[in-house]
Colleague: 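Sharing a structure here in structure tokens format.
Throughout, protein chains are lettered first and strands after them, A, B, ... in sequence-line order, and every chain is numbered starting at 1. No hydrogens, no waters, no symmetry mates; every other heavy atom, side chains included, goes into these values.
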Protein chains: 2
Amino acid sequence: MAEAVNIKRLAQELNISIATVSKALNDSYEISLKTKNRVWTLAKELNYTPNPAASNLRSHKTKTVAVIIPCVANNFFSLSIKGIEEIARQYGYHVLIYQTHENIEAEVAFTNSLLNGRVDGILTSVSSSEYNSEYYTNLVKKIPLVFFDRVYENLDAVKVTTDDYEIAFQATEHLIECGCTKIAYLYGLENLPAGKARFAGYLDALKTHGIAADEQPVVKYQDDEELNLQHIKELLKEYKPDALFSSIEEFIIPAYCACREMDLKIPDDVKILSFSNLSTAKLLSPSLTTISQPAFEIGREAAKCLFKILNNKQLDDEQNIILKSVLTKRESTGC
Amino acid sequence: MAEAVNIKRLAQELNISIATVSKALNDSYEISLKTKNRVWTLAKELNYTPNPAASNLRSHKTKTVAVIIPCVANNFFSLSIKGIEEIARQYGYHVLIYQTHENIEAEVAFTNSLLNGRVDGILTSVSSSEYNSEYYTNLVKKIPLVFFDRVYENLDAVKVTTDDYEIAFQATEHLIECGCTKIAYLYGLENLPAGKARFAGYLDALKTHGIAADEQPVVKYQDDEELNLQHIKELLKEYKPDALFSSIEEFIIPAYCACREMDLKIPDDVKILSFSNLSTAKLLSPSLTTISQPAFEIGREAAKCLFKILNNKQLDDEQNIILKSVLTKRESTGC
DNA sequence: TTTAATTACGTAAACGTTTTCGCCTAGCTT
DNA sequence: AAGCTAGGCGAAAACGTTTACGTAATTAAA
């Protein structure tokens with residue numbers, strides 16, 4: 001470690017006070033350009049970088065934000081993080097990652113552990129296991145917080161989401177136009193606004209086209225691959241739907257497998273469509289019609305909002321930013 | 001924020017010194033159980049959590065590690081992070097994420113920015129753009145560092161890798177057993193040990209089976225989807241290989257697309273096999289034979305090693321931990 | 001009974017910054 | 001010549017911990 005290079009060292013070598021050095025490093029107007037230059041060149045020469053702990057302690061700024069998400073190993077979230085990280089770089093912020101694994105207790109525990117000044121702000125996509133509105137109502141008063149994709153409603157906080165209702169409506173209409181009348185729904189995120197909006201869009205599209213919405217079968221997501229497969233197979237056997245509307249990516253593999261195991265041809269016997277950020281959707285057998293959310297953009301947008309808040313910039317206007325998803329029609333719906 | 005709750009506050013309310021409070025919180029042997037209990041209950045009551053900056057500053061421990069990787073939005077890395085994060089939770093560590101986008105300057109800049117005490121240790125999977133051995137030779141003396149998957153060799157640091165040579169050899173033999181004799185190689189990570197080992201395994205398998213290794217065509221990876229597609233198409237047209245050995249996941253989409261555009265049937269006209277952590281490999285059309293690395297395990301293993309070092313535990317024996325990849329034969333190689 | 005050891009706690013310095021406040025000098029203004 | 005202003009800098013406190021060291025009271029050893 002040699003002798004540490006800190007402000008004191010710089011001050012000694014330059015025969016000036018540590019206050020002057022600190023101010024010079026922060027480009028304060030109090031310091032003459034001449035002195036600043038002396039400080040800057042020596043700092044560069046000695047490879048000086050300020051100690052973040054000391055700086056945090058004194059200034060109460062950490063230049064760090066936390067991202068709290070259910071799981072990193074998910075196309076949507078890893079793309080979001082990519083977006084967040086890119087913006088964080090531009091603003092010179094550091095990014096901490098926390099995975100909740102859809103566990104609300106873990107979510108609360110992580111969040112609480114960040115309130116002691118470890119981070120300046122939080123980006124979060126909440127767990128689907130429960131809806132603890134009270135907790136977040138209090139939380140948003142304590143720390144700058146931006147929600148993305150999976151949000152709590154009616155809170156005084158920025159939320160970045162997508163047009164779940166509209167795109168689900170549109171996707172359902174697509175299935176109807178393809179001749180489907182028995183459209184089963186694979187239901188995920190049922191506790192969250194996003195999940196409810198998707199389901200609502202689906203139901204309303206059915207109603208609009210005179211299809212009895214309440215007769216359509218629904219399979220709810222379980223955190224168990226085998227179980228989902230089982231449920232979908234039962235669904236296919238008992239209701240013989242002509243389409244599956246999958247509201248989350250996690251249903252794709254069990255849905256495809258179920259059809260194969262039951263010898264149902266996609267799209268002839270049953271059409272499939274899913275929310276998904278899978279890059280290989282077009283390579284599936286058959287290629288999959290998807291609703292893909294702009295995950296990367298969501299991450300970027302959410303991060304930008306947070307940094308604006310942290311830098312006391314005025315947010316353009318709205319607290320709700322809604323990005324558009326895109327429906328890509330492929331073979332699995334006969335296109 | 002109300003009045004901040006810190007050690008001083010606890011000390012006042014309990015009529016003891018702040019030193020006693022600090023020691024009690026850290027469960028020091030110097031403090032009686034009675035006093036500890038008083039401190040603990042009040043701390044819980046007031047929701048006290050220690051200020052990390054102050055703690056870091058004084059103790060030089062951050063309980064934080066950094067993960068430096070090329071990109072989060074990649075199946076291998078997102079799975080690795082998932083593993084790292086899980087272990088970090090167990091040890092009570094926080095995880096910072098940095099993406100290099102395969103840019104060696106960014107990699108060096110990030111790493112340097114972490115040397116001022118921001119983190120206790122670093123987990124890294126290095127950029128493929130260049131091989132700056134000198135930098136890392138110096139770095140490992142400055143901070144605990146664990147490499148995973150993409151490593152620098154001949155360094156005094158722990159490295160967690162996979163059996164790239166052996167599995168590439170085995171996969172090549174699989175192609176040969178399927179009757180292939182003109183096996184083109186889609187070459188990624190050529191600057192790194194992992195990339196070289198894969199290529200060497202491929203070449204040696206060819207030689208072992210009496211196939212002229214130096215006559216096999218090679219396409220090197222470019223950071224441009226369109227270009228890779230173009231090159232593969234040219235390869236297919238000019239050399240008419242009967243198999244493609246893809247050494248990285250990024251070649252899958254262009255390879256499949258190239259075959260489709262040129263009306264080549266997989267696996268009849270050309271067989272394909274790829275290193276990949278794609279969860280949907282079995283759903284591709286046709287399903288893809290893969291070599292999948294235990295990404296999640298690699299992350300876990302690497303993190304465990306780092307935390308052992310940070311806790312001054314003896315590492316079991318070796319600095320090189322080598323995990324096994326698995327070859328899954330599917331339709332794309334005719335299985 | 002004296003001395004040594006142990007237990008339980010307090011004092012104060014230290015970690016490396018940022019920031020308030022005050023001082024000094026040079027250059028103006030009257 | 002006296003008074004002002006502004007520019008440039010330094011002294012010192014503060015941020016919330018941890019920890020080396022000291023000390024008083026109690027217990028154990030002699």
Colleague: Which whole-number value in Å describes the distance from B:K63 NZ to D:dT17 P?
Modeller: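 Whole-Å distance recorded here is 17 Å.
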Colleague: Check for me whether B:K159 meets the cation-pi criterion with B:F147, that is, NZ or CZ under 6.0 Å from the six-membered ring centre and within 45 degrees of the ring axis.
Modeller: no
Colleague: Answer with base, sugar-phosphate or nothing: what part of the nucleic acid does B:N26 contact at a heavy-atom distance below 4.0 Å?
Modeller: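 If one applies the 4.0 Å heavy-atom cut-off, B:N26 turns out to touch the sugar-phosphate alone, with no base involved.
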Colleague: Quick check on DNA chain C: between B:L57 and B:A19, whose nearest nucleotide comes earlier from the 5' end?
Modeller: B:A19
Colleague: By nearest heavy atom, map A:Y29 and A:I18 onto DNA chain D; which one lands nearer the 5' end?
Modeller: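 With A:Y29 and A:I18 compared, the 5'-side residue is A:Y29.
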Colleague: For B:K23, report the nucleic acid contact type (base, sugar-phosphate, nothing); a contact means any heavy atom under 4.0 Å.
Modeller: base
Colleague: Do B:Y152 and B:Y135 have their ring centres less than 6.0 Å from each other?
Modeller: no
Colleague: If I take atom CG in residue B:L10 and atom P in nucleotide D:dT17, what distance separates them, rounded to the nearest angstrom?
Modeller: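 Taking atom P of D:dT17 as the reference, CG of B:L10 is at 8 Å.
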Colleague: Nearest-Å distance, CG (A:N6) to P (C:dA14)?
Modeller: 14 Å
Colleague: According to the interplanar angle, ranging from 0 to 90°, do the rings of A:Y98 and A:F110 count as parallel (below 30°), tilted (30 to 60°) or perpendicular (above 60°)?
Modeller: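 Ring orientation of A:Y98 relative to A:F110: tilted.
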Colleague: Quick one: is B:S32 getting a side-chain N or O under 4.0 Å of the C:dC9 phosphate, OP1 or OP2?
Modeller: yes
Colleague: Describe the nucleic acid contact of B:S22 in one word from base, sugar-phosphate, nothing, applying a heavy-atom distance below 4.0 Å.
Modeller: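 Answer is base: heavy atoms of B:S22 come under 4.0 Å of a base.
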Colleague: Could you state the CD1-P distance from B:I7 to D:dT19, rounded to the nearest angstrom?
Modeller: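 After rounding, the gap between these two atoms is 11 Å.
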Colleague: Identify, between B:T20 and A:N51, the residue whose nearest nucleotide on DNA chain C lies closer to the 5' end.
Modeller: B:T20
Colleague: Determine: side-chain N/O of A:S55 to OP1/OP2 of C:dT17, distance under 4.0 Å, yes or no.
Modeller: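 It does not, given that no N or O in the side chain of A:S55 lies less than 4.0 Å from OP1 or OP2 of C:dT17.
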Colleague: Flag the pair A:T20 / A:I31 as yes when at least one side-chain heavy-atom distance between them is below 4.5 Å, and no otherwise.
Modeller: yes
Colleague: Are B:K82 and B:E86 ion-paired here, with the side-chain N under 4.0 Å from a carboxylate O?
Modeller: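 A salt bridge is absent here (no side-chain N lies under 4.0 Å from a carboxylate O).
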Colleague: So, does the side chain of B:R58 form a donor-acceptor pair with the base of D:dT17 at under 3.5 Å?
Modeller: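 No such pair is found, so the answer is no.
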Colleague: Rounding to a whole Å, what distance do you find between B:Q12:CD and D:dT17:P?
Modeller: 13 Å
Colleague: Rounding to an integer number of Å, can you tell me how far B:D27 CG sits from C:dA8 C1'?
Modeller: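 Rounding to the nearest Å, CG of B:D27 and C1' of C:dA8 are 15 Å apart.
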Colleague: So does A:Y48 get a side-chain nitrogen or oxygen closer than 4.0 Å to the phosphate oxygens (OP1/OP2) of C:dG16?
Modeller: no
Colleague: Rounded to whole Å, how long is the line connecting atom CG of A:L25 with atom C1' of D:dC9?
Modeller: 15 Å
